[in-house]
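Single-structure report; data block below.
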Amino acid sequence: MADCLFCNIIEGAIPSTKVYEDDVCYAFDDIAPEAPVHTLIVPKQHFASLNDDVPADLLGQLMARVPEIAKIKGIDESGYRVVVNTGADAGQTVFHLHVHVLGGKSLGEHVL
Ligand code: 5GP
Ligand code: ZN
């Protein structure tokens, strides 16, 4: 989508710090990190959110990349949190499906 921030990042029209890329997804560091490691994983195909009829196999592929990307960032053994904000109450601000991977410090209490 031409007016989607993350589609533009995937295409390289907007610069980003690449962490990982394959035919399914692109991963890059968050511009405003909330932890020492804060990486976003996005599918190359545009979906607005988890509510956007995302195929189950694509969701599986995205989640399967998480440990590999955590390892690249050096947090696979120390641990990490995976977050997918969906909609207004979750504070989703970019409407291209993305998986936050946070780590590099103790993240404190769980929300749930
Ligand atoms: P959300 O709040 O939608 O779950 O997460 C969107 C994330 O995208 C935020 O953590 C925000 O810091 C990040 N972000 C917004 N604009 C940019 C950008 O231009 N580049 C990068 N690398 N991250 C961005
Ligand atoms: Zn998009």
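Both counts, for ligands and for their atoms, begin at 1 and track the order of listing. No hydrogens, no waters, no symmetry mates; every other heavy atom, side chains included, goes into these values.
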Between Leu59 and Leu50, is a side chain to side chain contact (heavy atoms under 4.5 Å, CB included) present by the stated rule, with each step listed?
CA-CA 9 Å; Leu59 290 174; Leu50 275 181; 3.6 Å; yes
Give the residue, atom name and distance (to 0.1 Å) of the protein heavy atom nearest atom 14 (N) of ligand 1.
Ile31 CG2, 3.8 Å
What protein heavy atom is closest to atom 10 (O) of ligand 1, reported as residue, atom name and distance in Å?
Asp30 OD2, 2.5 Å
Tell me whether His38 has any N or O atom under 3.5 angstrom from an N or O of ligand 1.
no
What atoms of ligand 1 come within less than 4.0 Å of a heavy atom belonging to Leu40?
8 (O)
Say you draw a straight line from CD1 of Ile31 to CD1 of Ile9; how long is it, rounded to the nearest 0.5 Å?
7.5 Å
Is the gap between the ring centers of His98 and His96 under 6.0 Å?
no
Verify, without hydrogens or angle tests, whether Gln92 (side chain) and Val94 (backbone) share a donor-acceptor contact under 3.5 angstrom.
yes
Atoms of the protein (N/O/S only) found under 2.8 Å from the Zn ion (ligand 2)
Cys4 SG, Cys7 SG, His46 ND1, His96 ND1
What distance do Phe95 atom CZ and Asp3 atom CG have between them, rounded to the nearest 0.5 Å?
13.0 Å
Does a side-chain heavy-atom distance below 4.5 Å link Glu21 with Lys44?
yes
Which of the atoms of ligand 1 are close to Ala32, meaning less than 4.0 Å from one of its heavy atoms?
12 (O)
Do Ile10 and His46 have side-chain heavy atoms sitting under 4.5 Å apart?
no
Would the distance check show the side chain of Asn8 and the main-chain N or O of Ala2 forming a donor-acceptor pair, the cut-off being under 3.5 Å?
yes
Check for me whether Val83 has a heavy atom closer than 4.0 Å to any atom of ligand 1.
no
Provide the number and element of each atom of ligand 1 under 4.0 Å from a heavy atom of Phe6.
8 (O)
Tightest non-hydrogen contact, residues Ser49 and Leu97, listed as C-CD1, 4.0 Å
Can you list the ligand 1 atoms lying under 4.0 Å from a non-hydrogen atom of Gly91?
2 (O)
Between His98 and ligand 1, find which residue part has any heavy-atom pair under 4.0 Å and reply side chain, backbone, both or neither.
side chain
Could you say whether the N/O atoms of Val94 and ligand 1 ever approach to under 3.5 Å?
yes
Do Asp52 side-chain atoms and Val54 backbone N/O form a donor-acceptor pair below 3.5 Å?
no
Return the CG to CZ distance between Asp22 and Arg65, rounded to the nearest 0.5 Å.
4.0 Å
Are His38 and Val101 packed together at the side-chain level, in the sense that at least one heavy-atom pair is separated by less than 4.5 angstrom?
no
Between Thr39 and Tyr20: side-chain donor-acceptor atoms closer than 3.5 Å:
no
Which residue owns the protein heavy atom closest to atom 22 (N) of ligand 1, what's the atom, and how far is it?
Asp29 O, 2.9 Å
Per-atom contacts of ligand 1 with Gln92, taking only distances under 4.0 Å to non-hydrogen atoms
3 (O)
Only heavy atoms of Thr93, strictly under 4.0 Å: list the atoms of ligand 1 that pass.
1 (P), 2 (O), 3 (O), 5 (O), 6 (C)
The closest protein heavy-atom partner of atom 15 (C) of ligand 1 is Leu5 CD2, 4.0 Å
Polar contact flag for Phe28 and ligand 1 (N/O pairs, less than 3.5 Å):
no
Please name the pair of heavy atoms, one in Val66 and one in Tyr80, separated by the smallest distance, quoted to 0.1 Å.
CG1-CE1, 3.5 Å
With a heavy-atom distance limit of 4.0 Å, tell me whether Ile9 approaches ligand 1 through its side chain, its backbone, both, or neither.
side chain
